[in-house]
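Single-structure report; data block below.
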There are 2 protein chains.
Amino acid sequence: MSRNEDRVFNALADGSRRKLLDKLCAKNGQTLGELCAHMKMTRQAVSKHLALLEGARLVVTHWQGREKLHYLNPVPIHEIQARWIAKYELSRLQALDELKTELERKKR
Amino acid sequence: MSRNEDRVFNALADGSRRKLLDKLCAKNGQTLGELCAHMKMTRQAVSKHLALLEGARLVVTHWQGREKLHYLNPVPIHEIQARWIAKYELSRLQALDELKTELERKKR
DNA sequence: CCATTATGCAACCTTATGGTTGCATGTCAA
DNA sequence: TTGACATGCAACCATAAGGTTGCATAATGG
């Protein structure tokens with residue numbers, strides 16, 4: 001179960017991969033070739049990154065002739081957000097609240 | 001600027017470090033010794049992980065005598081959520097919307 | 001003061017990771 | 001059919017990452 005969360009966090013850990021997600025966010029359904037533009041590495045390296053993103057289901061693909069089209073899948077990120085980040089958001093709000101109470105107390 | 005985002009994503013990439021954050025979420029202000037409980041590695045390894053978390057400002061510390069107390073800092077996670085995840089949340093809702101429209105279209 | 005406890009620092013090892021090069025495969029278009 | 005194009009596969013390399021062991025330092029409590 002948590003194996004997939006692992007893969008997602010891992011995939012997001014690399015800047016180049018986040019950049020690729022950004023590219024897909026800007027324009028969905030790009031080919032490997034397109035995605036290689038402005039990436040300072042070989043096509044093979046980009047391909048490996050995309051494979052990792054696909055493994056984490058952050059990217060889904062489908063073949064069209066000899067081209068492989070890449071699409072963003074926002075679901076895993078949403079899951080991370082829902083079952084992981086929300087928890088810390090809570091403690092953040094609590095911390096803010098504590099701070100506010102503290103300030104109130106000092107005011108008197 | 002993005003250097004810090006990098007550090008945060010990197011820190012979150014490791015399961016042991018996420019576990020440490022969870023522990024702090026459950027009980028804030030723990031010592032290194034306490035945090036070592038149930039971690040299947042040496043104290044030094046845990047210490048390194050905490051140093052990384054501290055480097056990403058996900059954890060802040062303060063010394064009390066010979067003990068180092070560790071506290072969760074939810075701010076970096078919130079920043080990631082705000083300026084990174086929110087964007088993908090948008091495309092997720094769009095995707096859902098497109099799907100809905102598609103279904104509506106087919107119904108007629 | 002001294003033994004104990006809590007932590008840090010540094011060297012070292014193994015494996016994972018990100019990258020490269022070279023070649024193979026499959027599809028398109030002339 | 002053939003050459004060019006889009007991609008995949010595999011071997012290889014350098015460095016980073018996660019872990020260990022051993023020793024140093026500093027506070028605590030009897």
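To find a chain, count down the sequence lines: A is the first, B the second, and so on, and within it residues start at 1.
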Main chain of [Y], side chain of [X]: is a donor-acceptor contact present, judged purely on distance under 3.5 Å?
X	Y	value
H70(A)	T61(A)	no
K23(B)	A37(B)	yes
R17(A)	A11(A)	yes

Taking only side-chain N and O atoms of H49(B), does any of them lie within less than 4.0 angstrom of OP1 or OP2 on dA17(D)?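 Checking H49(B) against dA17(D): no side-chain N or O falls below 4.0 Å of OP1 or OP2.
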
Think T42(A) has a side-chain N or O under 4.0 angstrom from the OP1 or OP2 of dT20(C)?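 So the side-chain polar atoms of T42(A) do come within 4.0 Å of the phosphate oxygens OP1 or OP2 of dT20(C), strictly under.
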
Between atom [atom1] in [X] and atom [atom2] in [N], what is the gap in whole Å?
X	N	atom1	atom2	answer
L52(A)	dG18(C)	CG	C1'	10 Å
Q44(A)	dA11(D)	CD	P	15 Å
L53(A)	dG18(C)	CG	P	11 Å
H70(A)	dG8(D)	NE2	C1'	11 Å
D14(B)	dT15(C)	CG	P	17 Å
Q30(A)	dT7(D)	CD	P	11 Å
K68(A)	dT27(C)	NZ	P	14 Å
E67(A)	dA4(D)	CD	P	19 Å

Among dG18(D), dT7(C), dT7(D), find the nucleotide with the atom closest to the side chain of L32(B).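 For L32(B), the side-chain atoms sit closest to dT7(C).
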
From the list dA11(D), dT4(C), dC5(D), which nucleotide is the closest neighbour of the side chain of R66(A)?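 Among the listed nucleotides, the one closest to the side chain of R66(A) is dC5(D).
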
NZ/NE/NH1/NH2 to OD/OE distance under 4.0 Å, K87(A) and D22(B):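 Counted as a salt bridge, because a side-chain N and a carboxylate O are separated by less than 4.0 Å.
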
Do E79(A) and R57(A) meet the salt-bridge criterion of a basic N to acidic O distance under 4.0 Å?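 E79(A) and R57(A): not salt-bridged.
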
Heavy-atom nearest nucleotide on DNA chain D for S47(A) versus A45(B): which residue maps closer to 5'?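 Result of the comparison: S47(A).
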
Hey, does the side-chain of K48(A) have a donor or acceptor N/O within less than 3.5 Å of a partner on the base of dG19(C)?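 Checked by distance alone, the answer is yes.
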
Please state whether the base of dG8(C) and the side chain of R43(B) form at least one donor-acceptor pair under 3.5 Å?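 Looking at the base of dG8(C), it does pair with a donor or acceptor on the side chain of R43(B) (distance under 3.5 Å).
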
On DNA chain C, compare the nucleotides closest to M41(A) and E34(B); which residue's is nearer the 5' end?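 Closest to the 5' end, via its nearest nucleotide, is E34(B).
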
